Amino acid sequence: RVTLQGDAERGKGRRGPANLEAYELVLKGRAFQLRRGRYLTHAIAATQDNHVAYSGLADDLARRGFAQEAMARYETALGLKPGFTKAHNNLGNVLLGQGRDAEAVVHFETALKIRPDFPEAHHNLGITLLELRQPAQAVEAFTRALELSPEHLEARLGLGLAYRAT
């Protein structure tokens with residue numbers, strides 16, 4: 001906590017953020033996120049076939065909870081570049097969040113066919129396989145994620161859950 005000079009005396013009985021510096025950073029972050037979507041929309045309008053911009057806009061929409069719109073932008077990005085592993089992985093995550101686990105598996109596996117050394121896709125596949133009650137296959141996915149990225153804490157936790165479910 002950062003204490004501003006005189007804060008202790010002035011702040012008694014006042015409502016509001018306890019740490020104005022941190023609150024200011026939060027507000028700046030929110031403003032940046034809102035501008036980011038506008039910048040990406042402008043990039044799409046200017047280039048029209050920019051798979052990275054479509055995927056970035058989809059990331060932004062997914063973060064803000066607009067799953068249907070995000071999925072549409074990921075699909076557009078994949079239509080422009082079918083081998084775009086990041087878009088396959090992130091679309092899989094949105095599908096997983098929507099309870100469309102089997103569809104999510106397809107996108108994670110597609111990403112891994114293109115880029116077998118993608119630890120996040122292995123991890124996300126493991127999570128999805130756990131949801132589908134396939135713990136033995138989830139163990140394989142989490143193990144591979146950890147082989148590629150030994151410090152991946154979430155994959156380590158997932159591996160423990162998968163072992164417990166077998």
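The model shown is predicted, which means the values in this text are computed figures rather than measured ones.
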Asks: F142 versus H122: any side-chain heavy-atom pair under 4.5 Å?
Replies: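 F142 does not reach H122 side chain to side chain.
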Asks: Tell me the closest heavy-atom pair linking A111 and A121, and the distance in Å.
Replies: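 Looking at all heavy atoms of both residues, the closest pair is CB-CB, 4.3 Å.
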Asks: Are F66 and V94 in one and the same hydrophobic cluster, where Ile, Leu, Val, Met, Phe, Trp and Tyr link if side-chain heavy atoms are under 4.5 Å apart?
Replies: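 In one cluster with F66: V94, no.
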Asks: Should T110 and V106 count as side-chain neighbours, where that means a heavy-atom distance under 4.5 Å?
Replies: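 T110 vs V106: side chains touch.
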Asks: Report the hydrophobic cluster partners of I114, with the cluster defined as I, L, V, M, F, W, Y residues connected by side-chain heavy atoms closer than 4.5 angstrom, directly or transitively.
Replies: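 In the cluster with I114 there is nothing else; it is isolated.
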Asks: Got a donor-acceptor contact below 3.5 angstrom from the T166 side chain to the Y163 backbone?
Replies: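 Indeed, once roles are kept as given, a pair shorter than 3.5 Å links the two residues.
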Asks: Per the salt bridge (Lys or Arg N to Asp or Glu O under 4.0 Å) rule, what does the pair list look like for residues 124-146, sequence neighbours excluded?
Replies: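 Residue pairs passing salt bridge (Lys or Arg N to Asp or Glu O under 4.0 Å), neighbours aside: R144-E147.
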Asks: Flag the pair R73 and D60 as a salt bridge only when some basic side-chain nitrogen lies within less than 4.0 angstrom of an acidic carboxylate oxygen.
Replies: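 Here R73 does not pair with D60 in a salt bridge, since their nearest N and O are not under 4.0 Å apart.
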Asks: Decide whether L159 and L161 are clustered together by the hydrophobic rule: side chain heavy atoms of Ile, Leu, Val, Met, Phe, Trp, Tyr closer than 4.5 Å, transitively.
Replies: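 Looking at the clustering, L161 is in the same group as L159.
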Asks: Please report, to 0.1 Å, the donor-acceptor pairs under 3.5 Å made by any side chain of residues 150-158, with sequence neighbours excluded.
Replies:
unit_1 : atom_1 : unit_2 : atom_2 : d
E151   : OE2    : S149   : OG     : 2.9
H152   : ND1    : A155   : N      : 3.0
H152   : NE2    : E120   : OE2    : 2.6
R156   : NH2    : P150   : O      : 2.7

Asks: For A62 and A70, which heavy atoms make the closest approach, and how far apart are they?
Replies: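 Smallest heavy-atom distance, with atoms named: N-CB, 3.7 Å.
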Asks: Decide whether L80 and L91 are clustered together by the hydrophobic rule: side chain heavy atoms of Ile, Leu, Val, Met, Phe, Trp, Tyr closer than 4.5 Å, transitively.
Replies: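 No, it is not one cluster - the side chains of L80 and L91 are not joined through contacts under 4.5 Å.
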Asks: Who are the salt bridge (charged side-chain N to carboxylate O under 4.0 Å, His left out) partners of E103, not counting sequence neighbours?
Replies: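 Scan of E103 (salt bridge (charged side-chain N to carboxylate O under 4.0 Å, His left out), adjacent residues dropped) gives R100.
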Asks: Might you point out which heavy atoms bring L129 and A141 nearest each other, and give the distance in Å?
Replies: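 Heavy atoms only, the tightest pair is CD1-CB, 4.5 Å.
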Asks: Please answer: with hydrophobic residues joined when any side-chain heavy atoms are less than 4.5 Å apart, are L132 and I127 in the same cluster?
Replies: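 No; tracing contacts between hydrophobic side chains, which count when under 4.5 Å, never links both residues.
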Asks: Can you tell me how far the CG atom of N90 sits from the CG atom of L96, to the nearest 0.5 Å?
Replies: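 It comes to 12.0 Å.
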Asks: Which residue pairs satisfy the ring pair (Phe, Tyr, Trp, His ring centres under 6.0 Å) criterion with at least one member in residues 67-108, sequence neighbours excluded?
Replies: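 Non-adjacent pairs meeting ring pair (Phe, Tyr, Trp, His ring centres under 6.0 Å): H51-F84, H88-H107.
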Asks: Which pair of non-hydrogen atoms, one from A138 and one from L130, has the smallest distance, and what is that distance?
Replies: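 Nearest heavy atoms, A138 then L130: CB-CG, 3.9 Å.
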Asks: Quick one: list whatever passes side-chain hydrogen bond (donor to acceptor under 3.5 Å, both in side chains) with N124, sequence neighbours left out.
Replies: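 Scan of N124 (side-chain hydrogen bond (donor to acceptor under 3.5 Å, both in side chains), adjacent residues dropped) gives N89, N93.
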